[in-house]
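Remarks on the structure that follows.
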Amino acid sequence: MSDASVNALLNRIGPSSQPALDGRTLDVRDPSTGEVLIRAPRSAEADVARAVEAARGAFRAWSATPAPVRGEVLFRAGARLTERKEEIANVMAREMGKRLEEARGDIQEAIDTAWYAGSEGRRLFGRTAPSELPQKMGFTLRRPIGVVGVITAWNFPVAVPSWKILPALVCGNTVVWKPSEEAPESGHLFAECLWEAGLPAGVLNVVHGTGDEAGAAIVAHPQVPVLTFTGSTAVGRRIYEVAGRNLKHVSLEMGGKNPVIVLPDADVELAVDGILWGAFGTAGQRCTATSRLIAVGAVADRVVARLVERAKALRVGDPLDADVDVGPIVSERQRARIHNYVEVARRGGATVLCGGELPTDPALARGSFYPPTVVDHVKPGSTLAMEEVFGPVLAVIRVADFDEAIRVANEVPYGLSSSVYTRDVNTAMRAVESIEAGITYVNAPTIGAEAHFPFGGVKATGNGHREGGWAPYEFFTELKTVYIDYSGALQRAQIDNRED
Ligand code: UN1
């Protein structure tokens, strides 16, 4: 049982902060120490129903507020996030284990998104086109849809929610958000910046809890016509099924198995820098993390030797310690899952060149740490080559030539991020055309997407939508086409009056 001195988070429904109606809670643990940090409400269907009611109640006034004025609220929220960046970064680093520097980056991504989304209040463009008839015109408007249900993961507890919530709001929708149960306080603090910025009560409601309970209730609620989700492909698939039956709009961001292809002419040091950062930054817990190195020909030996040397030198430990390179894995359960992938690869004949064992250092004993791990001679098609690990494990797959590299890159069910290292522009462009992924970097790591470009993936990574940049404003609005006939007479459309 949890100790009574632990602070409690509350749901925010309309203007009121409240515990779950049935009083249940969830403990949130520090993955570096195992200590309970805070207790969050474990909400159920009844809590979600209230939150949806509050969001519906706020919709009329918010959707009628001019979009540039809605945008101004986001600018103030961006300013508030900037002021509170250090405080939120500290909470995030404790709560989900991201290094402080990376936690600041997570919040910076939300700040950048606030500037972009706020300014979108002055665009939200429609189109005009000439009519086929005289004295008649046509144009389109973007209309808000209603209550948007937002369900997000723990690994970017502020940035990824900002990609969804800020565009949804500037478009005039209201929101019910379930942050991850593994990072609820980071989520709460992000939402607080919006409330402090003057977002009217009920426009953003936060309901904490698990995916199976609060998350499922949001997905199933008949008055939530739009859903946006970041998380596993297995959960995304279930959401899509329920949403499909109910004709809801859904945007899904799911797994990745992101490759870096290193060609024989690559700048090896540059490639090693990029692979290390992509594979072991955020302890490999990004959906964009580099999880496969596809090394072409003889360059493999050089890249792998350098990588292993550098990976061994990375320091694992407390994410608040500025000298640490790799923080903990979010939970013991996740760590066990990661370790199992390494064991399966080992049994399958792959070679673990570094890492691959639970740390024995007593300073790390209380947390769920896992060392940077490089596994060589991973066979195409094997489990470690195909499945998302979501941890600091890099699978090295050796191939003979460019064509084989592309075949291996594309053999996975996912297609989020990817990268190619070569000095030859022709090869780089052939890779850009051939890799099945939503994002391809040339001579840069698979992580580090910028807030003002579309973000998302193909195949089992997504369902055709993009977040970031200009893309989400289409998703969060419905087009209304308006025809104005100023002829003063009945004019039948061409299909109804053409004689030839
Ligand atoms: C994620 O891991 O869910 O591209 C998002 C990146 C970050 C976003 C990652 N800007 O690495």
Side-chain angles (χ1 to χ4, degrees), residues 81 89 92 96-99 101-117 150-167 177 179-180 182-183 186-187 190 211 228-236 251-260 273-291 326-327 329-330 334 338 388-394 414-419 437-442 444-458 460-463 465-469 471-472:
L81 279 165
M92 191 188 291
M96 50 66 68
K98 185 176 284 201
R99 290 166 57 239
E101 196 184 38
E102 295 176 27
R104 291 187 192 110
D106 191 316
I107 298 154
Q108 185 58 45
E109 193 155 338
I111 295 168
D112 296 338
T113 302
W115 303 148
Y116 191 106
V150 177
I151 301 171
T152 50
W154 50 268
N155 69 325
F156 272 83
V158 170
V160 168
S162 80
W163 295 352
K164 301 172 185 297
I165 292 169
L166 301 181
W177 175 30
S180 163
E182 267 148 339
S186 305
F190 168 66
T228 167
F229 166 79
T230 293
S232 71
T233 298
V235 172
S251 171
L252 303 170
E253 284 300 338
M254 301 171 287
K257 186 70 190 171
N258 314 297
V260 169
D273 279 343
I275 296 163
L276 270 181
W277 174 229
F280 305 130
T282 326
Q285 302 172 104
R286 296 197 194 197
C287 50
T288 49
T290 304
S291 67
V326 181
I329 304 306
V330 70
Q334 266 304 109
I338 293 167
E388 183 173 46
V389 175
F390 227 70
V393 177
L394 179 71
Y414 302 110
L416 181 55
S417 188
S418 57
S419 155
I439 305 169
T440 298
Y441 292 88
V442 177
T446 56
I447 65 175
E450 300 180 24
H452 61 296
F453 278 100
F455 180 96
V458 303
T461 295
N463 66 332
H465 295 288
R466 293 291 180 271
E467 310 195 275

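Each residue takes its place number in the sequence, starting with 1. Counting convention: from 1, in listed order, for ligands and their atoms alike.
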Checklist entry - Side-chain contact, heavy-atom cut-off 4.5 Å: Glu102 with Arg286? => result yes
Item to check | Minimum-distance protein heavy atom relative to atom 9 (C) of ligand 1 | outcome: Phe156 CE1, 3.6 Å
Checklist entry - Gln285 to ligand 1: N or O pair under 3.5 Å? => result no
Checklist entry - For atom 2 (O) of ligand 1, what's the nearest protein heavy atom and its distance? => result Cys287 N, 2.7 Å
Item to check | Validation row: Gln108, Asp112 side chains within 4.5 angstrom (heavy atoms) | outcome: yes
Item to check | Heavy-atom side-chain proximity of His465 to Thr228 below 4.5 angstrom | outcome: no
Checklist entry - Is there any N or O on Glu109 that sits under 3.5 Å from an N or O of ligand 1? => result yes
Next on the checklist: Using a 3.5 Å cut-off on N or O atoms only, is Thr288 in polar contact with ligand 1?
Outcome noted: yes
Next on the checklist: Is the shortest side-chain heavy-atom distance between Ile439 and Phe453 below 4.5 Å?
Outcome noted: no
Next on the checklist: Strictly by side-chain hydrogen bond (donor to acceptor under 3.5 Å, both in side chains), give each pair with a member in residues 152-162 just once, sequence neighbours left out.
Outcome noted: Thr152-Trp177
Item to check | Enumerated ligand 1 atoms positioned under 4.0 Å from heavy atoms of Ile447 | outcome: 11 (O)
Checklist entry - Going by the atom numbers of ligand 1, which of them fall below 4.0 Å from some non-hydrogen atom of Asn155? => result 1 (C), 2 (O), 3 (O)
Checklist outcome for this item: Note: ligand 1 atoms sitting under 4.0 Å from heavy atoms of Arg286 are 2 (O), 6 (C), 7 (C), 11 (O)
Next on the checklist: Quick one, Phe280 and Ile275 - any side-chain contact, counting heavy atoms below 4.5 Å?
Outcome noted: no
Checklist outcome for this item: atom 6 (C) of ligand 1 has as its nearest protein heavy atom Gly448 N, 3.2 Å
Next on the checklist: For atom 4 (O) of ligand 1, what is the closest protein heavy atom, and at what distance to 0.1 Å?
Outcome noted: Ala449 N, 2.8 Å
Item to check | Qualifying residue, where the test is side-chain hydrogen bond (donor to acceptor under 3.5 Å, both in side chains) with Thr446 and the options are Asn258, Thr288, Thr290 | outcome: Thr290
Checklist entry - If we only count heavy atoms from C-beta on, is the Val160 to Glu253 side-chain gap below 4.5 Å? => result no
Checklist entry - Quick one: nearest non-hydrogen protein atom to atom 8 (C) of ligand 1, plus distance? => result Trp163 CH2, 3.8 Å
